[in-house]
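Here the structure comes first, spelled out in structure tokens, and everything after it is commentary.
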Amino acid sequence: MTVLMSQARRRAVIALAALAVTGCTEPETEGPLPPLGAVINETSVSGISSGAYMAGQFQLAHADRVVGAAIIAGGPWGCAESSFAGMFPGLGNDLLNVNKAVNGCMLNMMAAFGVPDSAMLADKARAAARSGKIDPIEAVTPDKIYLFTGTEDRTVKPPIVESAKTFYENLGVPSSNIVLEKKLPAGHAFITDNEGSACGVTGEPYVNDCDYDQAGALLKHIYGPLQPRAEKTNGDLIAFDQRPYTEGLGSHGLSGTGLVYIPKACKASKGCRVHIAFHGCAQNRAAVGDAFAAESGFARWADTNNLIVLYPQTAKLLQNPQACWDWWGYTGDNFL
């Protein structure tokens, strides 16, 4: 057990806190994201690992537009922010947050100190909403929440995901709106019924075959009954230029190129909904190609249910060598 914990801790520290990495080549940027006339106020989000934390952050920040969130191998909103945040600006603040992120919000090694504290984080979210930093909490409480942890996940331990359930309950989300799937022997990955690595594996591209259609499960929980998924996809997976959306920002961590899946029906007429799928650490396009977008299974559900699937992409940075989404503050103090 000591050896396993040590190995898991080293992986987590490498993923979050390495300060020197080799450079990587960014994919060439593409054309603009096409205008599609989507129904923005019926957007849903999902994410795996750092993407799970990002999905929760996006949900609360833009709650007026989001109707549901899927947190896969991730914990509660704001978990990584140290109680000393703001007292040690710059690198000092980041290191405090990284320590809490790894030990408290991934490996569950700070449980004896009350970390994660879901009730406190819910109060913190309410305070952020009152100050106008995020949307009103009243816009979150009707949302549908899907949570997942695998019994073989040693990267983000199951109790961390369970604390996310408690967080949403403390916010006022009804228990009937929350699903927690925690029985599958899955590693740290997005789960499918016929694609990817063996179920218990943790490794690139972080897509595992556990005979479970996670894309369908989370979309049906969020949106209700759906048309059966397509046998084969008929839309287009398109690379687009993300740079117009980062103009004026200093540190943002985004790649120059993102991906979007557009069904034929959504090209032909307006009114499709949008699902945003946030990849995990070391799961961006530069690391695994289009594996997450192609193998996760979202596209087959999108084709038959008028759903555009957006796959925004991060990039490696010196302070973010695994191209994680920012859930501990590498882009600045306002990351939440």
Side-chain angles (χ1 to χ4, degrees), residues 33 36-74 76-77 125 134-148 161 164-165 167-168 171-174 176-181 190-192 212-230 233 235 237 245 258-263 265-266 270-280 292-293 296-313 325 327:
L33 184 66
L36 296 168
V39 180
I40 298 301
N41 62 358
E42 293 183 23
T43 295
S44 60
V45 294
S46 67
I48 161 76
S49 192
S50 72
Y53 278 106
M54 186 64 192
Q57 290 170 194
F58 188 99
Q59 177 196 19
L60 266 67
H62 304 286
D64 283 339
R65 296 181 173 185
V66 175
V67 298
I71 310 298
I72 301 161
W77 177 93
I134 61 175
D135 276 355
I137 298 300
E138 292 75 16
V140 178
T141 53
D143 287 0
K144 296 294 183 68
I145 309 298
Y146 170 96
L147 304 162
F148 179 88
V161 182
K165 180 177 185 289
F167 167 77
Y168 282 109
L171 279 188
V173 178
S176 58
N177 284 14
I178 305 172
V179 165
L180 172 59
E181 172 58 63
F190 190 92
I191 306 306
T192 78
Y212 175 71
D213 180 9
Q214 189 161 68
L218 70 88
L219 289 173
K220 284 186 280 189
H221 179 65
I222 292 172
Y223 287 118
L226 298 176
Q227 294 298 316
R229 64 185 180 180
T233 58
L237 184 64
Y245 311 104
L259 292 173
V260 61
Y261 182 78
I262 308 172
C266 298
K270 299 178 180 179
C272 288
R273 297 177 290 197
V274 177
H275 180 75
I276 306 172
F278 294 102
H279 62 72
F292 177 57
S296 57
F298 283 117
R300 291 173 63 190
W301 288 100
D303 278 343
T304 53
N305 291 281
N306 295 336
L307 194 65
I308 299 161
V309 187
L310 185 68
Y311 302 94
Q313 299 291 305
W325 288 97
W327 62 285

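Just one residue in the list Lys144, Arg65, His221, His275 forms a side chain to side chain donor-acceptor pair (under 3.5 Å) with Ser44, and that residue is His275. Each of Ile48, Ile191, Val161 was evaluated against Phe148; a single residue qualifies, Ile191, per the side-chain contact (heavy atoms from CB on, under 4.5 Å) test.
In this structure, the side chains of Arg273 and Tyr223 come closer than 4.5 Å at one or more pairs of heavy atoms. Annotation: side chain of Phe278 is not in contact with side chain of Ile72 (no heavy-atom distance under 4.5 Å). Residues Ile222 and Val67 meet the side-chain proximity criterion, which asks for heavy atoms closer than 4.5 Å.
Counting all heavy atoms, side chain and backbone alike, Ile308 lies closest to Leu36 at CD1-CD1, 3.6 Å. The two atoms that bring Thr192 and Ser296 nearest to each other are CG2-O, 4.1 Å, heavy atoms only. Shortest non-hydrogen contact noted between Ala265 and Asn306 is CB-OD1, 3.4 Å. For Ser46 against Phe298, the heavy-atom pair with the smallest separation is OG-CZ, 3.6 Å.
Under the 3.5 Å distance criterion, with hydrogens and angles disregarded, a donor-acceptor pair is assigned to the side chains of Tyr146 and Gln214.
Between the side chain of Asn177 and the backbone N or O of Pro142, at least one donor-acceptor pair lies under 3.5 Å.
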Give the intermediate values and the outcome of side-chain contact (heavy atoms from CB on, under 4.5 Å) for residues Leu171 and Trp77. CA-CA 11 Å; Leu171 279 188; Trp77 177 93; over 6 Å; no
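With rounding to the nearest 0.5 angstrom, the CG atom of Leu218 is 5.5 Å from the CZ atom of Phe190.
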